[in-house]
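Working notes for the structure below.
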Amino acid sequence: MEVSVLVPALLAEHTGGQRILQVVTDDVASVGNVLDILAGEHPVFDRRVRDETGSVRRYVNVYIDGDDIRSLDGLATPVLEGQELLIIQSVAGG
């Protein structure tokens, strides 16, 4: 099964400049599984997206086909063939 992961420009420097990553998973996958696969390929990217406990950082939003995973089942949210996972990093300033 293949899932597309859309990466923001701020994080693309940690994915070799790639803004769209294709992740191949088992037949049954979750958002957490997809992020685990990416962590193996892009460990610095993973540290920017998830904290030391494996949770998505509070200033990072993850969407599956437009739905925020926080309003679904979080990292346990199922991912189906062909779905898009969008990662958005909040930008703050002052």
Side-chain angles (χ1 to χ4, degrees):
M1 174 172 85
E2 190 169 89
V3 177
S4 297
V5 179
L6 307 172
V7 177
L10 291 173
L11 293 175
E13 68 182 85
H14 305 297
T15 61
Q18 297 178 73
R19 298 280 312 275
I20 300 174
L21 304 169
Q22 298 301 321
V23 176
V24 177
T25 68
D26 294 332
D27 288 339
V28 177
S30 67
V31 171
N33 296 132
V34 172
L35 293 178
D36 288 343
I37 292 168
L38 287 176
E41 298 171 3
H42 307 285
V44 176
F45 169 80
D46 185 59
R47 289 193 296 273
R48 299 292 189 272
V49 174
R50 298 191 292 182
D51 63 21
E52 54 282 343
T53 69
S55 299
V56 174
R57 293 185 182 278
R58 74 171 197 265
Y59 59 84
V60 174
N61 296 309
V62 180
Y63 298 88
I64 187 77
D65 281 350
D67 293 320
D68 189 338
I69 66 164
R70 288 184 175 104
S71 66
L72 301 171
D73 291 327
L75 292 173
T77 301
V79 178
L80 305 174
E81 174 80 31
Q83 286 190 304
E84 285 186 344
L85 192 69
L86 172 63
I87 298 173
I88 299 178
Q89 192 174 25
S90 299
V91 178

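Note that the structure is a prediction, hence the values are computed from the model and not measured.
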* Between I87 and V5, is any pair of side-chain heavy atoms under 4.5 Å apart? -> yes
* Just how far is it from atom CG of L72 to atom CD1 of I69, taken to the nearest 0.5 Å? -> 8.0 Å
* Answer with yes or no whether the hydrophobic clustering places Y59 together with L11; edges join I, L, V, M, F, W, Y residues whose side-chain heavy atoms lie under 4.5 Å apart. => yes
* Does the side chain of I88 reach to within under 4.5 Å of the side chain of V60, using non-hydrogen atoms? -> no
* **Contact check, side chains of Q89 and V49, non-hydrogen atoms, under 4.5 Å** => no
* Side-chain heavy atoms of S4 within contact of L21, under 4.5 Å -> no
* Do L85 and Y63 have side chains that get closer than 4.5 Å, going by heavy atoms? -> no
* Asked: With sequence neighbours left out, which residue pairs that include part of residues 77-87 fulfil the side chain to side chain donor-acceptor pair (under 3.5 Å) condition?
  -> D65-Q83
* Taking all atoms of both residues into account, what is the closest heavy-atom pair of P8 and R19, and its distance? -> C-NE, 3.6 Å
* **Heavy-atom pair of closest approach, residues R48 and R57** => O-CD, 3.4 Å
* Test item: D51 side-chain N/O and G54 main-chain N/O as donor-acceptor pair under 3.5 Å -> yes
* Which value, rounded to the nearest 0.5 Å, describes the distance between L10 atom CG and S90 atom OG? -> 10.5 Å
* Is the CD1 atom of I20 crowded by more than 12 outside heavy atoms at less than 6.0 Å? -> no
* With a 4.5 Å limit on heavy-atom distance, are the side chains of T25 and V79 in contact? -> no
* Asked: Does any pair with a residue in residues 33-47 pass side chain to side chain donor-acceptor pair (under 3.5 Å), and if so which ones, sequence neighbours excluded?
  -> S30-N33, D36-R50, D46-R50
* Asked: Under a single-linkage definition using a 4.5 Å side-chain heavy-atom cutoff for Ile, Leu, Val, Met, Phe, Trp and Tyr, are M1 and L75 assigned to the same hydrophobic cluster?
  -> yes
* Euclidean distance, D68 CG relative to L86 CG, rounded to 0.5 Å -> 10.0 Å
* **Distance (rounded to the nearest 0.5 Å) between Q18 CD and H14 NE2** => 14.0 Å
